[in-house]
Structures are given as C-alpha cells and as structure tokens.
Protein chains: 2
Amino acid sequence: MARSSLTREQVLDTAAALVRRNGPQALTMRALAAELGTAVTSIYWHVGNRESLLDALVESTVQEMGTLRPAGRTPAARIVSVARGLRRQLRARPHLIAMVHERGLTERMFLPAQQALVHEVHAAGLRGARAAAAVRAVQFQTVGFLLVERNRERSPVQSPGEGELWTASAADDDPALARALARPTDPDRLFEDSVRALVEGLLTGPPQQGARRRTGTQERETAE
Amino acid sequence: MARSSLTREQVLDTAAALVRRNGPQALTMRALAAELGTAVTSIYWHVGNRESLLDALVESTVQEMGTLRPAGRTPAARIVSVARGLRRQLRARPHLIAMVHERGLTERMFLPAQQALVHEVHAAGLRGARAAAAVRAVQFQTVGFLLVERNRERSPVQSPGEGELWTASAADDDPALARALARPTDPDRLFEDSVRALVEGLLTGPPQQGARRRTGTQERETAE
DNA sequence: ACCTGAACACCGTTCAAGT
DNA sequence: ACCTGAACACCGTTCAAGT
C-alpha cells in the first residue's frame with residue numbers, strides 16, 4: 001500500500017501474513033511481490049533469498065511467543081504446565097511448527113521454555129547432569145509430540161484403518177483395550193498423561209539401580 | 001537398463017534408490033525418467049503423479065521394516081527395547097523419516113511395533129483404556145523423538161549458541177547443570193533415559209490420585 | 001542505495017498423438 | 001495397453017540496466 005520505499009520489515013510482515021493466511025507453501029517470491037506491489041527482484045535486495053527470508057520469519061515469530069510462567073503447586077505440576085503452555089502457544093500458530101521444523105530450528109523454538117524448566121527441575125531437587133537430562137527429555141517429548149500431532153491432523157485417515165492391523169493379534173483377551181485403540185486418540189489427554197508420566201519417571205529417578213544394564217546380551221532386541 | 005517394458009515396480013525401485021542416494025528432494029520426475037531411460041510422461045501412466053509415487057514408496061519401505069522382537073527381563077525393559085528397535089530401524093533409513101512425516105504417515109510407520117507394545121503393556125498388568133493410552137504414549141514419544149533428533153542432525157548449529165540464552169539465568173547456582181546444558185546432547189542416552197522414565201511413569205500409574213486436578217485455577221499457566 | 005524487466009534453468013502435469 | 005514430445009503454468013535466482 002504505502003509505496004514510499006520498501007523496507008525489510010515490510011517484506012517480513014506481509015510474508016508472515018501470507019503464511020498465516022495460506023500456509024508456508026503459498027509463500028512464493030512472486031506472490032509476495034504481488035502482495036507488496038513491487039517487482040520480484042526487489043525482495044532479493046532486502047532479504048537475500050527465500051531461504052533467509054524464512055529464517056528471519058521463523059526467528060521473529062519465535063521471539064513473539066513470549067515467556068512461560070509456570071503454575072501449579074508441586075514442581076512436577078509446574079513442569080507439566082510449562083509443557084502445556086508451550087504446546088498451546090505453538091498450536092495457536094499451526095504453520096509455524098512445520099516451518100520451524102523444516103528450517104531445522106526446532107530446538108530454537110523451545111528456548112523460551114527452557115529457562116522455566118531449568119528452574120523447576122532445580123526446585124524438584126535435581127542437580128547437574130541429571131537435571132540437564134530431565135530438561136532435555138521434557139523438551140524433546142513436548143516438541144516431538146507437537147510434530148506427531150500436527151502430522152496426524154494433516155492426514156486424518158491413515159491407510160489401513162487405525163485398528164485393523166492389530167485386532168487379530170494380542171489384544172483378543174482384552175476387548176476394552178481393542179476398543180480403546182480403535183477409537184481416535186484424544187490428543188489433549190494423551191499429551192497431559194504422557195508428560196505427567198515422563199516427569200514422574202524423571203523425578204523419582206531410575207528404579208532398582210543395580211539390576212539395570214547388568215547383562216548386555218539380554219537387553220538386545222532383534223529384528224528380522 | 002532392461003528396456004523391454006516399464007513396470008510399476010521398476011519405477012518404484014529406481015525411485016527408492018534415487019531417494020536413498022540423494023535424498024527426497026532429488027526425486028524429480030525428470031531425474032527419475034532419465035534414470036529409467038524413458039520419457040517423463042511414461043511414469044505418469046504407471047504411478048499417477050508424484051504424490052502417489054511417494055505414497056507407494058513410503059508404504060513399501062515401511063513394510064520392509066519387519067517386525068520387532070522385544071527383549072529383556074521385565075515388561076518395562078521389553079517395552080523400552082521395542083522403542084529402541086524401532087528407532088534403530090528408522091535411523092537406518094534416514095530419508096524415510098522425513099518422507100513419511102511429509103506424507104502424513106507417521107502413524108503408519110509405527111504399526112509394526114504397536115502389536116509388540118500391546119502385548120508387553122498387557123503383560124505389565126495394564127488393561128483397557130489405560131493400556132491403550134500407555135501404548136500411544138510410547139508411540140508418540142518414540143516417533144516424536146526421532147523427528148526432533150533428525151531435525152537436529154540436519155542443522156547442527158543453532159542460531160544462538162545453545163547455552164547462551166539461559167546461562168545468565170536460573171542455573172547460576174548450579175554450574176554443573178549449566179555445563180551439562182551447554183554440552184551437545186547425546187541422543188542415544190537421552191532417548192534411553194526418556195523412554196525408560198516415561199515407561200516407569202506409565203506403569204507405576206498416576207500419583208496421589210485425589211490431589212490432582214482438584215483446583216482448576218491453579219493448574220492454568222499463563223503467557224504474556 | 002534501491003528498484004526494474006528480461007532471461008535462465010528448473011519444476012509437475014496435461015494432452016493429443018503415436019504404436 | 002503403453003509410450004512419446006510439445007506445451008503450459010508455475011518455480012527461485014541472476015544480472016545488466018536503470019534512477
């Protein structure tokens with residue numbers, strides 16, 4: 001609109017708007033130029049190329065996300081609340097997840113939450129390498145869940161009907177399990193339960209210290 | 001090579017080879033045609049279009065993966081071994097993960113392992129909806145981890161140096177934690193620990209049943 | 001310093017035409 | 001039933017040329 005002179009910010013803003021409206025694949029240099037009312041090549045002067053345009057876009061969107069304030073009475077509850085908050089923020093920007101992932105910035109996406117997690121894990125009594133491992137575990141779990149979940153939303157029906165493959169097998173004696181697996185997943189609940197279980201496992205620590213990893217041979221799984 | 005007459009299988013095979021060699025983005029219809037020694041348009045007759053070519057590719061590769069044999073003494077150990085085996089199989093086909101994900105078939109990718117998981121979760125004493133939730137939790141955790149991990153491998157250096165952002169903050173009083181977070185993640189260990197912690201949390205069940213979800217207000221997290 | 005159009009080397013896909 | 005080349009409508013990017 002304002003044709004005075006094109007700024008880098010203008011490019012980024014309308015690019016972001018274009019992505020938010022029609023998804024990342026709709027962000028072509030030509031479409032962006034049309035939206036801006038300039039020649040395609042002008043964009044290159046301000047932004048370099050499409051690659052770095054997306055980089056900048058992701059970076060600024062991640063920074064918009066703000067910090068998370070943990071809530072809950074126990075450290076475990078507060079850790080779960082951070083994960084939940086991150087998930088909510090990312091789900092509010094559905095295209096961002098895919099873009100961040102494609103750009104290889106998945107880790108970057110989690111940084112706002114990491115500080116909060118470090119604090120809570122520390123409050124829960126974990127120290128040093130163990131605390132760091134716990135933070136990373138929650139980090140990977142949360143982001144991974146989001147990726148899987150988004151993937152699932154994109155293609156609602158899987159090739160062989162969800163329950164078909166296994167109904168003939170081990171679950172015969174547990175019809176309730178069979179029915180539960182045949183039902184579509186409730187992602188909110190699954191996320192809640194998974195994170196809670198993981199955090200619980202992380203905070204209570206490894207079980208029966210001496211028994212694990214005793215015999216390496218038995219631990220090995222095989223695949224044909 | 002054998003130019004007698006093009007088969008659908010030939011197309012799929014050389015397409016798979018091309019992806020394995022140079023990655024999914026190298027699979028263009030023109031490159032494939034060149035490799036096959038045919039006209040580009042012949043491919044369309046056998047396979048429809050690029051979209052369904054990728055579908056078929058992913059589907060057959062997933063089926064090649066074979067089934068997983070759990071190993072270990074306790075049900076928990078066997079569940080972990082299934083997750084570990086799946087991760088190993090998928091990591092042996094690095095391009096597949098991205099392709100499956102892009103195709104929205106992430107769920108499909110996990111089916112070979114699902115039967116084994118159902119069996120083990122059942123053996124651990126879980127029943128019905130609770131057992132199904134546990135299976136799904138491990139499923140999401142494993143696949144999610146792989147997605148994050150692969151993403152990390154693709155872009156080894158993150159924009160702000162990994163530790164930079166938080167060193168100024170909460171971890172001041174725990175230099176060991178700070179150092180651990182600054183070090184690059186050991187994915188094998190992290191995976192092992194995460195799955196083990198999750199499984200432990202799932203099998204021991206929700207803690208202090210009465211206390212959770214009592215007051216909804218306090219559970220809410222906020223973000224600016 | 002900033003913007004432009006023309007041109008290049010790619011895509012996936014369609015379609016009428018061959019055998 | 002199977003294969004073909006020409007053509008279409010797209011891409012991202014470069015570059016010499018303008019002001």
Side-chain angles (χ1 to χ4, degrees), chain A residues 1-59 95 98-105 154-155, chain B residues 1-59 95 98-105 154-155:
Chain A
M1 287 286 162
R3 115 210 52 169
S4 57
S5 77
L6 197 57
T7 49
R8 182 186 155 87
E9 287 210 349
Q10 260 177 60
V11 175
L12 292 183
D13 284 352
T14 69
L18 224 147
V19 166
R20 198 161 32 239
R21 216 184 320 141
N22 304 324
Q25 89 290 354
L27 179 60
T28 71
M29 302 304 266
R30 283 171 166 86
L32 180 54
E35 196 84 1
L36 285 164
T38 57
V40 197
T41 42
S42 305
I43 300 171
Y44 283 82
W45 197 92
H46 288 282
V47 168
N49 53 12
R50 187 167 189 272
E51 200 77 345
S52 45
L53 167 61
L54 287 176
D55 276 343
L57 219 55
V58 163
E59 185 64 23
H95 298 312
M99 283 184 58
V100 169
H101 190 60
E102 278 164 26
R103 312 289 325 133
L105 296 172
R154 237 186 349 169
S155 73
Chain B
M1 288 284 164
R3 115 210 53 170
S4 59
S5 77
L6 197 58
T7 50
R8 180 185 157 87
E9 286 209 350
Q10 263 176 58
V11 175
L12 292 183
D13 284 352
T14 69
L18 223 146
V19 166
R20 197 160 33 238
R21 217 184 318 141
N22 305 323
Q25 89 291 354
L27 179 61
T28 70
M29 304 302 267
R30 284 172 165 87
L32 181 54
E35 196 84 1
L36 285 164
T38 57
V40 199
T41 42
S42 305
I43 300 169
Y44 283 82
W45 196 92
H46 283 98
V47 167
N49 52 13
R50 188 167 188 272
E51 200 78 347
S52 45
L53 167 61
L54 287 176
D55 276 343
L57 219 55
V58 164
E59 184 65 23
H95 298 313
M99 283 184 58
V100 167
H101 190 61
E102 278 165 24
R103 312 291 321 133
L105 295 171
R154 235 182 356 164
S155 74

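A quick note: this is a predicted structure, and the numbers were derived from the prediction, not measured. So you know, we letter chains A, B, ... as the sequences are listed, proteins then strands, and number each from 1. Keep in mind that the numbers below use all heavy atoms, side chains included, and drop hydrogens, waters and symmetry copies.
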Thr41(B) side chain: which of dT4(C), dC15(C), dC3(C) is closest?
->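 Within the option list, the nearest is dC15(C).
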Minimum-distance nucleotide (side-chain atoms of Tyr44(A) versus dG12(D), dG5(D), dG5(C)) |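 Ranking dG12(D), dG5(D), dG5(C) by closest atom to the Tyr44(A) side chain puts dG12(D) first.
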Might you point out which heavy atoms bring Ala16(A) and Leu57(A) nearest each other, and give the distance in Å?
->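 For Ala16(A) versus Leu57(A), the nearest heavy atoms are N-CD1, 3.8 Å.
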For dT13(D), the Watson-Crick or wobble partner whose two distances fall under 3.5 Å |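 Partner of dT13(D): dA7(C).
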Does any donor atom in the side chain of Ser52(B) or Asn49(B) lie under 3.5 Å from an acceptor atom in the other side chain?
->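 Note: Ser52(B) and Asn49(B) side chains meet the donor-acceptor criterion.
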Whole Å only: how far is the [atom1] atom of [X] from the [atom2] atom of [N]?
{"X": "Met29(A)", "N": "dT14(D)", "atom1": "CE", "atom2": "C1'", "value": "12 Å"}
{"X": "Leu32(A)", "N": "dT13(D)", "atom1": "CG", "atom2": "P", "value": "12 Å"}
{"X": "Gln25(B)", "N": "dC11(C)", "atom1": "CD", "atom2": "P", "value": "11 Å"}
{"X": "Asn49(A)", "N": "dG12(D)", "atom1": "CG", "atom2": "P", "value": "11 Å"}
{"X": "Leu27(A)", "N": "dC10(D)", "atom1": "CG", "atom2": "P", "value": "17 Å"}
{"X": "Trp45(A)", "N": "dG18(D)", "atom1": "CH2", "atom2": "C1'", "value": "16 Å"}

Is a donor-acceptor contact shorter than 3.5 angstrom present between the side chain of Thr28(B) and the base of dG12(C)?
->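 Answer is no: no donor-acceptor pair is held.
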Would one find a side-chain N or O of Ser42(B) under 4.0 angstrom from OP1 or OP2 of dC2(D)?
->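 For Ser42(B), the contact criterion (side-chain N or O under 4.0 Å from OP1 or OP2 of dC2(D)) is not met.
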In terms of heavy-atom contacts, does CD of Glu51(B) have more than 12 from other residues, nucleotides or ligands at under 6.0 Å?
->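 Not more than 12 within 6.0 Å, no.
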To the nearest 0.5 Å, what is the distance between CG (Asn22(B)) and OG1 (Thr28(B))?
->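 Going from CG on Asn22(B) over to OG1 on Thr28(B), the span is 10.5 Å.
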Between His46(B) and Glu51(A), who's closer to the 5' end of DNA chain D by nearest nucleotide?
->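 Nearest nucleotide further toward 5': that of His46(B).
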Hey, which sits more toward the 5' end of DNA chain D by its nearest nucleotide, Thr7(B) or Arg30(B)?
->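 This one resolves to Thr7(B).
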